[in-house]
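Take a look at the structure set out below.
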Number of protein chains: 2
Amino acid sequence: MVNYAPPELDRTFSALSDPTRRRILTQLLQGKRSISELAKPHRMSLPAVMKHLDVLSDAGLIARKKTGRTVVCTLQAKPLQNTVDWLLQYRRFWEERFDRLDAYLAHVQQGESDS
Amino acid sequence: MVNYAPPELDRTFSALSDPTRRRILTQLLQGKRSISELAKPHRMSLPAVMKHLDVLSDAGLIARKKTGRTVVCTLQAKPLQNTVDWLLQYRRFWEERFDRLDAYLAHVQQGESDS
DNA sequence: GCTATAGTTCACCATATGGTTAACTATGCG
DNA sequence: CGCATAGTTAACCATATGGTGAACTATAGC
């Protein structure tokens, strides 16, 4: 039922393995951003950031929409859901019971006001 | 509170990005295995599997214990927990509500008899 | 039309990754 | 001892990855 063979998980986990790309996703967590806005905080050239965005696009983690001369990127989190599904197979190995996840959900349930 | 800067997440996600390594973890989900037992199902040389095991060790995802001439590997899932913590930041982007996780936990709560 | 800004593409480079084969060490056992 | 089994190490190879600078296209605006 979980299974999740290679093709898609490969790209997702691989995309997430780079700190620059994780940081880009974190930037997008706060809303849509243009490419140059995304690039600004990173101490590397624009083409380098472009390559990271390509990797994120290939993994289906971002979408780009061109408006005028600027390209706006948005987060696409469905692939992340698949990785969580896969990872949760191992839950019982990191905790006898799932206290932490329980606590997390309790915390979340009473804090839906943001967004 | 979540943050999780680079160093450890890099290695964990990178280790998970290879299908052979994910399959090894899946093998270990069913209990401890020797290196040659782990290697058998994979269509590659033993040294190749050894390299994958090195990557998994460096990421803290497996532990090895030598007994006699055989080395037994066991799953170490704490790093996986960290990746889940990081990924759950994005939960609200893949679902308006967290129905799926809810359902998962409900399912799990009444099925603790295995292991 | 000219120029500045936004993004893209290309050629290049160093290093990492994932595999191989061959040769080695270490333990079990008849 | 002698040999088989378990695992390790080393040298090598092809390709992927993450970065660079230079040159290009496309839109905005005076």
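Letters go in sequence order (proteins before strands), and every chain restarts at 1. Reckoned from all heavy atoms, side chains included, excluding hydrogens, waters and symmetry mates. All values reported here derive from a predicted model rather than from experimental measurement.
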Closest nucleotide among [options] to the [X] side chain:
| X | options | value |
| --- | --- | --- |
| A:D18 | C:dG7, D:dG18, D:dG7 | D:dG18 |
| A:P47 | D:dG18, D:dG7, D:dT20 | D:dT20 |
| A:R69 | D:dT20, C:dT8, C:dA6 | C:dA6 |
| B:S36 | D:dA6, D:dG19, C:dG7 | D:dA6 |

Q | salt_bridge(B:R64, B:D54) N-O dist < 4.0 Å | A | yes
Q: Look at A:D18 together with A:R23 and state whether they make a salt bridge at an N to O cut-off of under 4.0 Å.
A: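 Judged by the 4.0 Å cut-off on N to carboxylate O distance, A:D18 and A:R23 do not form a salt bridge.
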Q. In terms of the nearest nucleotide of DNA chain D, which residue is placed more toward the 5' end: A:T20 or A:G68?
A.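 Nearest nucleotide further toward 5': that of A:T20.
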Q: Map B:L53 and A:K51 onto DNA chain D by nearest heavy atom, then report which one ends up closer to the 5' terminus.
A: B:L53
Q. With a 4.5 Å heavy-atom cut-off, do B:K65 and B:T74 have their side chains touching?
A.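 Counting from C-beta outward, B:K65 and B:T74 never come under 4.5 Å.
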(Q) Does a side-chain N or O of B:R21 approach OP1 or OP2 of C:dG18 to a distance below 4.0 Å, or not? (A)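 Affirmative; the distance criterion is met.
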Q | D:dA6 phosphate, OP1 or OP2, under 4.0 Å from B:S34 side-chain N/O | A | no
Q. Taking the side chain from B:Q27 and the backbone from B:L38, do they hold a donor-acceptor pair closer than 3.5 Å?
A.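 Pair found, side chain donor or acceptor close to backbone of B:L38.
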Q. How is A:S45 classified with respect to the nucleic acid when contacts are heavy atoms under 4.0 Å: base, sugar-phosphate, or nothing?
A.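 Answer is base: heavy atoms of A:S45 come under 4.0 Å of a base.
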